[in-house]
Number of protein chains: 2
Amino acid sequence: MKKNYTIKDIAELAGVSKGTVDRVMHKRGKVSSKALEKVNKVLDKIEYKPNPIAKSLKNNKVYNIAILLPDANEDPYWLPCYEAIDQIENEFSHFGIKINKGLFKPYSTKSFKKAAELVISKKPDALLMVPLFNKEAEIIAEKCLEASIKIATFNNYIKDHKVNLEIGQNLFQSGRVAAKLFNMLFGKKASLAVLHIDEAFQNASHMQEKERGFKDYYTQKEDLDYSITVYNLNKNSKISLEENIESFLKTVHEVDGIFITTSKSYLLANPISSYLPNSIIIGYDLVAENIKFLKEDKIAFLIHQDPKKQVYLSLTRLIEFFLFDKAFQESVTLPIDIINTENYQQYLD
Amino acid sequence: MKKNYTIKDIAELAGVSKGTVDRVMHKRGKVSSKALEKVNKVLDKIEYKPNPIAKSLKNNKVYNIAILLPDANEDPYWLPCYEAIDQIENEFSHFGIKINKGLFKPYSTKSFKKAAELVISKKPDALLMVPLFNKEAEIIAEKCLEASIKIATFNNYIKDHKVNLEIGQNLFQSGRVAAKLFNMLFGKKASLAVLHIDEAFQNASHMQEKERGFKDYYTQKEDLDYSITVYNLNKNSKISLEENIESFLKTVHEVDGIFITTSKSYLLANPISSYLPNSIIIGYDLVAENIKFLKEDKIAFLIHQDPKKQVYLSLTRLIEFFLFDKAFQESVTLPIDIINTENYQQYLD
DNA sequence: TAATTTAGTGTGTTCGAGCACATTTTCTAC
DNA sequence: GTAGAAAATGTGCTCGAACACACTAAATTA
């Protein structure tokens with residue numbers, strides 16, 4: 001059982017005043033070599049960690065954390081993040097934590113840039129963001145670095161750019177999870193489809209990673225008789241998303257499993273029952289519409305990316321850094337939760 | 001944006017001294033009705049919550065939390081709990097949190113009672129325990145109540161006894177999760193077995209709950225052609241556990257899915273391949289031996305009860321209560337994680 | 001009316017870290 | 001040997017809550 005030493009304790013042990021101890025610790029100079037040695041001798045013997053509570057009280061600083069994330073009105077996937085933010089704000093308001101939300105449209109780089117500029121102009125101590133647009137995010141990150149604003153990301157990564165904190169899921173591996181589930185369901189012979197459904201393009205790298213993981217699993221398995229076909233059901237200049245889905249359903253005749261790499265499974269889940277009644281869907285994310293179809297057994301599994309947990313964890317890590325000098329663990333990968341009708345409830349809080 | 005008011009602020013607003021404000025807040029009397037009114041008027045207008053950091057610093061109290069849990073040498077299921085305890089101890093030692101571990105043999109009520117007595121005799125501020133033995137746990141809980149020791153449980157519940165904090169999993173529901181997985185795998189026709197494998201009896205209620213949930217799922221489903229047989233593979237006075245497993249494997253000839261309600265799936269996973277090579281196992285818990293067989297595809301799914309998270313959460317809730325006056329949320333139910341070969345890694349930390 | 005209790009109020013100290021400022025010691029120059 | 005600068009060291013205040021204690025004013029008793 002070790003004692004928690006205070007500066008006063010150390011001063012007494014070393015035979016100097018707490019001022020001198022303080023100067024040694026903060027390397028502020030103005031200390032004689034004799035005194036330095038005396039203090040260091042004590043410091044070597046005992047293990048001193050400053051009391052974070054006293055530190056925090058003295059500091060009495062307000063930390064501004066900016067969060068840049070998509071508007072949940074545009075995509076309900078982001079809604080749980082808001083809850084996490086509210087919760088954190090409540091819990092830590094008395095610790096001097098202020099949070100400033102910046103929302104952007106998930107399909108507009110312009111909106112992203114605008115929201116980012118606005119949020120940065122207020123000179124926060126940290127910026128937590130969803131870097132949906134890699135190039136633009138990189139520029140923002142660069143600006144933060146210059147202004148010595150701590151930078152953290154969640155849900156997505158910035159390629160080739162170091163950040164202080166990076167929280168997300170192993171997307172490649174989540175593709176493998178889906179593949180494994182299909183493998184269990186269908187055994188040796190399977191006709192599979194990977195569907196990228198999205199109205200916008202910014203999730204491209206996300207979707208690709210998942211597809212790669214999915215294929216990787218099957219490639220590694222030997223003596224399996226399978227086929228994987230990839231479809232891009234995106235809105236483009238010529239045809240709408242709905243039309244694209246419709247034509248997909250008309251063209252494809254036999255498919256055992258459909259892996260949908262975005263949270264838009266619900267767009268397929270309903271029409272599919274008339275076209276491909278025996279196909280099984282695995283999708284992503286616990287948004288309300290997906291859960292509805294999960295309950296109706298039109299979606300077999302959902303993979304949960306837990307955006308709420310991602311935000312919560314990011315924010316607590318930032319706060320612990322500011323308040324208690326806790327070092328960042330640069331990259332954190334969250335579990336890949338497998339969801340079915342029987343366990344979705346527990347993940348919703 | 002609301003300000004964080006201090007006692008001094010309130011004193012000034014009310015035109016009294018901080019001493020008077022303090023007396024009003026703590027209802028210590030010695031306040032004139034006139035002053036009381038003045039202070040209450042201010043208190044009604046603003047929202048005051050005392051600064052938890054200042055409070056904690058002033059308090060400067062050491063909180064002793066006792067933990068009563070099984071010896072991991074007897075059952076590796078408990079090993080992750082130790083990590084959580086170490087982590088918490090490290091993280092909160094400067095907040096005046098001291099943790100005292102009490103270990104007991106998971107098959108001996110005597111050992112439980114002894115460890116409990118020892119731990120309580122040191123008059124901790126809280127006792128967190130795994131109430132494996134209901135009757136004995138109830139007695140201990142009663143003693144805690146008398147000594148006004150806060151009481152929390154994890155992994156198991158105490159029947160008919162109120163505790164301050166109760167953290168666990170919905171076992172009934174986890175049985176349903178397993179059933180759903182089998183239903184997905186086998187479709188309309190399935191021959192199923194529920195196996196209770198354990199050397200001791202103290203998990204009886206646990207196992208029963210899981211069995212009930214499992215059966216409940218199939219009972220609710222209509223037009224399914226299924227059979228569920230329940231086996232108790234426990235050591236008893238006449239035959240050993242190994243012999244019991246052996247005889248089970250010899251007797252049973254055709255079974256599609258086997259649901260094992262304890263963490264002992266590994267005992268069955270190996271011998272089964274020669275007797276029932278086509279049977280699929282769903283078990284519980286990420287203990288090393290189970291993971292080994294999961295990787296070899298001899299166990300299809302594991303349901304994760306996350307004892308580490310249970311301890312971590314229990315302890316942080318207790319600490320938040322002591323340090324920051326955060327009220328208890330009496331009962332917390334953790335998610336039921338579905339684990340396969342592709343996602344187990346992320347749950348291990 | 002003076003002496004003394006009692007209700008009501010305000011002041012000052014503590015917790016530990018951190019820093020400004022005051023004080024003491026040492027060094028340098030003439 | 002002493003003035004003056006420079007270096008080294010110690011003291012004291014702050015953050016906000018909590019409580020002990022000192023103090024004032026009103027009430028009670030002799």
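All heavy atoms count here, side chains included; hydrogens, waters and symmetry mates do not. By convention in this document, chain letters (A, B, ...) are assigned in the order of the sequence lines, proteins followed by strands, and residues within each chain are numbered from 1.
- In terms of phosphate contacts, B/Y5 brings no side-chain nitrogen or oxygen within less than 4.0 Å of OP1 or OP2 of D/dA17.
- If you take CZ of B/R28 and P of D/dA17, they are 14 Å apart, rounded to a whole angstrom.
- Side chain of A/N155 to backbone of A/Q310: no donor-acceptor contact under 3.5 angstrom is found.
- Under the 3.5 Å distance criterion, with hydrogens and angles disregarded, a donor-acceptor pair is assigned to the side chains of B/T6 and B/D9.
- Nucleotide D/dA17 holds its P atom 11 Å from the CD1 atom of B/I53, rounded to whole Å.
- Between B/K30 atom NZ and D/dC23 atom P the separation is 16 Å, expressed in whole Å.
- B/D306 and B/Y312 share no donor-acceptor pair across their side chains, judged by distance under 3.5 Å alone.
- Under the 6.0 Å cut-off for aromatic ring centres, A/F324 and B/F92 do not qualify, their centroids lying 6.0 Å or more apart.
- For D/dC15, neither phosphate oxygen OP1 nor OP2 lies less than 4.0 angstrom from any side-chain nitrogen or oxygen of B/T6.
- Residues A/Y48 and A/Y5 place their aromatic rings such that the two centres sit no closer than 6.0 Å.
- The neighbour count for B/D44 CG, taken as heavy atoms of other residues, nucleotides or ligands under 6.0 Å away, is above 12.
- In this entry the distance linking NZ of A/K55 with P of D/dG16 reads 19 Å, nearest Å.
- Distance CZ (B/F324) to C1' (D/dG16): 14 Å, rounded to an integer number of Å.
- In this structure, B/K34 places its NZ atom 12 Å from C1' of D/dA26, rounding to the nearest Å.
- With DNA chain D read from its 5' end, the first of the two nearest nucleotides for B/A54 and B/D22 is the one closest to B/A54.
- The shortest distance between side-chain heavy atoms of A/V332 and A/F328 does not fall below 4.5 Å.
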Hey, what are the protein-to-nucleotides 10-14 of chain D N/O distances that come in under 3.5 Å?
unit_1 : atom_1 : unit_2 : atom_2 : d
D/dG10 : OP2    : A/S17  : N      : 2.7
D/dG10 : OP2    : A/S17  : OG     : 2.9
D/dG10 : OP2    : A/T20  : OG1    : 3.1
D/dG10 : N7     : A/R23  : NH2    : 3.0
D/dG10 : O6     : A/R23  : NH1    : 3.1
D/dG12 : O6     : A/K18  : NZ     : 2.9

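- Of all nucleotides in DNA chain C having an atom under 4.0 Å from a heavy atom of chain B, the first and last in 5' to 3' order are C/dG8 to C/dG16.
- A/E166 pairs with exactly one of A/N156, A/I158, A/T153, A/I151 by the side-chain contact (heavy atoms from CB on, under 4.5 Å) rule, that one being A/T153.
- At a threshold of 4.5 Å between non-hydrogen side-chain atoms, the residues A/F321 and A/N164 do not count as touching.
- Heavy atoms of B/I7 sit under 4.0 angstrom from primed sugar atoms or phosphate atoms, though from no base atom.
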